[in-house]
Amino acid sequence: MLIGELAEHTGASIRSLRHYENNGLLTAGRGSNGYREFPDSAVQTVARIRALLAAGLSVTTIRQVLPCTVDATPRVIPCAELSATLRGELSRVEEQITRLDHARQLIAKMLAG
DNA sequence: GTTCTAACA
DNA sequence: TGTTAGAA
């Protein structure tokens with residue numbers, strides 16, 4: 001299907017889909033007119049990509065994790081080094097939570113005080 | 001009308 | 001990521 005159709009079926013913008021393809025997250029052929037041609041399976045792939053994006057993963061990390069997914073759920077197949085990568089992402093998110101908690105306390109004190 | 005690439009008041 | 005320009 002063409003990029004416009006894939007965009008409609010997934011809710012992702014055409015801009016985003018081109019970005020995913022440029023970064024190897026999606027595979028697309030080219031028609032004689034130069035238009036990208038996506039397989040129907042791309043709809044499912046985009047759903048998985050968006051799920052990983054929602055977890056705050058970078059395109060680079062997603063490129064590694066995507067092939068280990070089974071669907072758009074948090075369920076993944078134990079691929080090599082996947083566990084280490086995810087642990088890294090987890091600690092990154094926990095650090096952000098720590099920073100935000102400090103900011104929260106400071107702001108709360110300002111209001112209290 | 002739809003997509004492509006490249007670039008940013 | 002959006003948007004836009006110019007071309008196919």
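Labels below follow one simple rule: chain letters A, B, ... track the order of the sequence lines, proteins then strands, and each chain is numbered from 1. Basis for what follows: all heavy atoms, side chains included, without hydrogens, waters or symmetry-related copies.
- From the 5' end on, the contacts that DNA chain C makes with chain A at under 4.0 Å to a non-hydrogen atom open and close at C:dT1 to C:dA8.
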**Complete:** Under the rule of Watson-Crick or G-U wobble with both distances under 3.5 Å, where | means paired to another strand and [ ] a crossing pair, DNA chain C maps to .|||||||
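- Remark: A:Arg36 is in phosphate contact with B:dT5, judged by side-chain N or O atoms under 4.0 Å from OP1 or OP2.
- Checked for salt-bridge contact, A:Arg92 and A:Glu89 meet the test: a charged N lies under 4.0 Å from a carboxylate O.
- If you measure from atom CG of A:Leu6 to atom P of B:dT2, you get 16 Å, rounded to the nearest angstrom.
- The interatomic distance linking A:Ile14 (CD1) with B:dA6 (C1') rounds to 16 Å, in whole Å.
- Under the 4.5 Å side-chain contact rule for hydrophobic residues, A:Met1 and A:Leu26 share a cluster.
- Each of A:Asp71, A:Thr10, A:Ile49 was evaluated against A:Gln44; a single residue qualifies, A:Asp71, per the side chain to side chain contact (heavy atoms under 4.5 Å, CB included) test.
- Put simply, CD1 on A:Ile3 is 16 Å from C1' on B:dG1, counting in whole angstrom units.
- At distances below 3.5 Å, not a single donor-acceptor pair connects side-chain atoms of A:Asn23 with backbone N or O atoms of A:Leu25.
- Residues A:Leu53 and A:Tyr35 both approach DNA chain C. Their nearest nucleotides, taken by heavy-atom distance, put A:Leu53 toward the 5′ side.
- Within a 6.0 Å radius of CD in A:Gln105, more than 12 heavy atoms belonging to other residues, nucleotides or ligands are found.
- Side chain of A:Thr69 to backbone of A:Val65: no donor-acceptor contact under 3.5 angstrom is found.
- At a threshold of 4.5 Å between non-hydrogen side-chain atoms, the residues A:Leu6 and A:Tyr20 do not count as touching.
- Between A:Leu2 and A:Arg15, the residue whose closest nucleotide on DNA chain B is further toward the 5' end is A:Leu2.
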**Item:** Residue pair A:Glu21, A:Arg36: steps toward the salt bridge (Lys or Arg N to Asp or Glu O under 4.0 Å) verdict
**Value:** CA-CA 10 Å; A:Glu21 197 247 14; A:Arg36 264 169 275 249; 3.2 Å; yes
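- The cluster map of Ile, Leu, Val, Met, Phe, Trp and Tyr, joined by side-chain heavy atoms under 4.5 Å apart, puts A:Leu17 and A:Leu2 in different clusters.
- If you chain together hydrophobic residues whose side chains sit under 4.5 Å apart, A:Leu52 and A:Val43 fall into the same group.
- For A:Arg87, the CZ atom is loosely surrounded, since the number of other residues' heavy atoms within 6.0 Å does not exceed 12.
- Near-neighbour residues of DNA chain B inside residues 16-30 of chain A, defined by a heavy atom below 4.0 Å, number-ordered: A:Arg18, A:Arg30.
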